[in-house]
Number of protein chains: 2
Amino acid sequence: MLDPRKLHLLRELARRGTIAAVAEAVTFTPSAVSQQLSALEREAGVRLLERTGRTVSLTPAGHLLVEHAHTVLEQLERASAALAAARGGPSGPIRIGAFPTAARVLLPPALAGLTGAHPGLVPMVSEIDPADVSAALRAGELDVALVHEYDFVPPVTDASIETEPLFAEAMYLTGRPSVAAARDDAWITNKPGTLCHTMAIRACQAAGFEPDVRHHVDDFDTVLAFAAAGQGVAIVPRLAATAPPPGVTLTRLPLGRRTLAAFRRGNGEHPAIRAAVTAFRDAVPRLPLR
Amino acid sequence: MLDPRKLHLLRELARRGTIAAVAEAVTFTPSAVSQQLSALEREAGVRLLERTGRTVSLTPAGHLLVEHAHTVLEQLERASAALAAARGGPSGPIRIGAFPTAARVLLPPALAGLTGAHPGLVPMVSEIDPADVSAALRAGELDVALVHEYDFVPPVTDASIETEPLFAEAMYLTGRPSVAAARDDAWITNKPGTLCHTMAIRACQAAGFEPDVRHHVDDFDTVLAFAAAGQGVAIVPRLAATAPPPGVTLTRLPLGRRTLAAFRRGNGEHPAIRAAVTAFRDAVPRLPLR
DNA sequence: TTCCAGCTTAAGCTTGTCTTATGCTCGACC
DNA sequence: GGTCGAGCATAAGACAAGCTTAAGCTGGAA
């Protein structure tokens with residue numbers, strides 16, 4: 001019988017590309033991953049991996065097996081969720097990932113509602129950029145996460161991750177009446193590698209120029225303080241601009257972002273996940289979205 | 001992560017009712033099965049089994065998990081089948097179960113066609129009564145089997161077994177023009193526990209009497225020889241009555257049986273299974289069915 | 001009450017799996 | 001083009017998981 005643990009490793013390899021990266025993700029040594037995948041290959045009776053230069057890649061049979069791995073692991077996830085439901089109401093630890101703005105604005109009321117409704121739940125929050133969420137979910141480091149996706153930035157689709165939309169908000173530009181008018185300004189963006197950074201670059205490119213990025217700041221309050229101090233312009237989401245400092249004008253852009261809850265496919269009926277998503281949704285009307 | 005091997009044991013327990021029977025089916029000791037199920041229960045965090053008298057039964061949570069076990073194991077079966085397909089055309093051993101008449105009449109041409117088309121295949125045949133087939137398939141002792149089902153006898157439905165119909169045939173009564181006319185005769189049936197035996201009893205009951213069963217004989221040639229010797233009447237399928245001995249009259253009954261191919265759910269796309277079922281189907285037109 | 005079937009637990013051994021250590025190969029970089 | 005490092009594979013050893021044997025417990029039938 002095929003071992004789902006090995007299938008999980010193969011699936012991670014398909015996504016991450018190197019055995020070393022897989023090992024790091026599952027906190028094994030590369031040696032262990034290599035041995036497990038060799039064993040899987042032996043059981044499969046087909047070559048699944050092939051050395052390509054310094055790294056390994058999947059054969060067609062390997063990719064085929066990854067597809068099946070998705071469904072197998074999803075079914076196992078469903079079974080676990082059903083067991084959790086059989087254990088009774090939501091209880092135990094639930095690891096929540098959230099991007100910083102959500103952690104600041106949405107989570108406080110949501111967590112209050114969550115633990116109020118289900119005293120047995122022990123939420124554990126980690127700030128995490130949406131770009132890293134699916135990996136953390138698959139690795140089992142998180143159970144549910146708040147992510148966002150921007151216009152212009154294609155959402156990371158992952159066959160093993162499921163999302164539920166929560167709310168949408170508009171984006172605002174500081175200092176200038178339009179992105180095009182900020183062509184020659186210094187720009188303040190989030191750190192490279194974050195979705196917000198990509199969004200700002202793409203918005204400028206859509207307006208026909210490459211931004212002159214001078215500052216990389218993740219915290220939007222700091223961003224706005226920089227803007228107030230005349231250090232540049234920035235694009236900020238509505239939620240991060242509820243109380244802009246004096247002197248900062250905000251112009252609504254024809255650009256939005258959507259916030260979603262993400263979790264492992266098949267885990268959506270887990271009572272703790274269900275309760276968390278419900279709590280997120282219940283907290284949305286309290287947000288200063290206009 | 002839930003272990004599919006343990007899920008398999010739980011599923012077998014749901015069907016067989018005792019740990020001892022499960023152990024016998026998987027050729028473990030009862031101790032091993034007990035330990036595995038205890039471990040599963042520990043991981044699940046819910047009671048799955050409860051002692052009821054001298055045996056164990058499943059809790060509602062246990063039954064719930066069995067449902068999920070079906071889908072998980074089916075997906076794993078699909079993955080294995082896909083790998084077998086990736087390995088190339090049908091090859092290797094394929095264990096075939098067949099009821100005696102099928103083994104005698106259908107299998108010779110089917111096996112010839114099968115090995116002719118796929119020289120790499122090594123068919124291994126075991127005679128087996130349809131009543132025992134699903135257990136043997138689930139236990140992995142067989143890959144595909146020929147079974148039949150009768151009118152009056154509800155087919156054994158098993159969520160983990162899939163069937164494909166092959167052909168239907170009529171049943172014939174020896175010596176008398178109708179079952180009702182044989183009320184006071186001695187009867188020759190197959191051995192108790194077989195589907196054919198059940199069928200004969202039910203047919204008599206439908207005609208309003210309990211048969212006086214004097215002989216239990218599985219081989220239909222022997223049955224017909226007994227009938228020719230005046231030792232009783234019997235109901236035989238068309239395939240078993242292609243050359244009745246002199247003096248035996250056969251009356252077609254308004255009663256049929258259907259022959260099907262059975263295999264583990266999810267395994268239908270396995271190239272060896274596919275090839276075998278195709279070979280069975282191709283051999284059907286050569287059967288003396290009228 | 002006795003007996004036996006069925007389940008569980010304990011102890012020991014085998015097997016599998018992970019880590020450490022080592023060697024190999026490919027690609028980048030000077 | 002030689003050197004270096006990243007990445008993978010293999011060997012050997014430590015540890016855990018799983019199976020068997022052995023023994024004990026419980027409930028139903030005789």
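We name chains A, B, ... by the order of the sequence lines, and we start the count at 1 in each one. In what follows, every heavy atom counts, from backbone to side chain, and hydrogens, waters and symmetry copies are set aside.
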Write down the distance between [atom1] ([X]) and [atom2] ([N]), rounded to a whole number of angstrom.
| X | N | atom1 | atom2 | value |
| --- | --- | --- | --- | --- |
| A/Glu50 | D/dG7 | CD | P | 19 Å |
| A/Leu13 | D/dG7 | CG | C1' | 12 Å |
| A/Leu37 | D/dG7 | CG | P | 16 Å |
| A/Lys6 | C/dC18 | NZ | C1' | 12 Å |

Which atoms form the tightest heavy-atom contact between A/Gly140 and A/Arg95, and what is the distance? O-NH1, 2.9 Å
Smallest separation among heavy atoms of A/Val144 and A/Ala276, with atom names: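 Of all heavy-atom pairs spanning A/Val144 and A/Ala276, the closest is CG1-CB, 4.3 Å.
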I'd like to know if the side chain of A/Gln75 pairs up with that of B/Thr71 as donor and acceptor (distance under 3.5 Å, no hydrogens or angles considered). yes
Shorter than 3.5 Å, N or O on both sides, protein versus nucleotides 20-22 of chain C: list them out with atom names.
| from | atom 1 | to | atom 2 | distance (Å) |
| --- | --- | --- | --- | --- |
| C/dT20 | O4 | A/Ser31 | OG | 3.0 |

Would you say that [X] contacts [Y] through its side chain, given a criterion of any heavy-atom pair below 4.5 Å between the two side chains?
| X | Y | value |
| --- | --- | --- |
| B/Leu142 | B/Ile96 | no |
| A/Leu73 | A/Arg11 | yes |
| A/Phe99 | A/Val133 | no |
| B/Ser57 | B/Leu49 | no |

Encode nucleotides 23-30 of chain D as B, S and - characters from 5' to 3', where the letter depends on protein heavy atoms closer than 4.0 Å: B to the base, S only to sugar-phosphate, - to neither. ----BS--
Report the C-alpha separation of B/His8 and B/Val26 in whole Å, then their side-chain angles, then the decisive distance to 0.1 Å, and conclude whether the side-chain contact (heavy atoms from CB on, under 4.5 Å) test is met. CA-CA 10 Å; B/His8 178 231; B/Val26 298; 4.2 Å; yes
Counting distance only, does the side-chain N/O of A/Glu41 pair as donor-acceptor with the main-chain N or O of A/Leu48 below 3.5 Å? yes
Check for a donor-acceptor pair, side chain of A/Thr198 on one end and backbone N or O of A/Thr194 on the other, with a separation under 3.5 Å. yes
Run the side chain to side chain contact (heavy atoms under 4.5 Å, CB included) test against B/Tyr150 and tell me which residues pass, sequence neighbours left out. B/His148, B/Val153, B/Met171, B/Leu195, B/Cys196, B/Met199, B/Arg257
Return the set of residues passing ring pair (Phe, Tyr, Trp, His ring centres under 6.0 Å) with A/His197 (not counting sequence neighbours), or none when no residue passes.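 A/His197: ring pair (Phe, Tyr, Trp, His ring centres under 6.0 Å) contacts with A/His216.
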Closest nucleotide of DNA chain C for B/Ser34 versus for A/Gln36: which of these residues is on the 5' side? B/Ser34
Counting only non-hydrogen atoms, which of residues 39-48 of chain A are less than 4.0 Å from DNA chain C? none
If only side-chain N and O atoms of B/Arg5 are considered, is one of them under 4.0 Å from the OP1 or OP2 phosphate oxygen of D/dA17? no
Consider salt bridge (Lys or Arg N to Asp or Glu O under 4.0 Å). Of B/Arg5, B/Arg138, B/Lys6, which one does B/Glu12 pass it with?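 Single pass found, and it is B/Arg138.
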Using a heavy-atom distance cut-off of less than 4.0 Å, which residues of residues 15-26 of chain B contact DNA chain D?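 Hits under 4.0 Å, by residue number: none.
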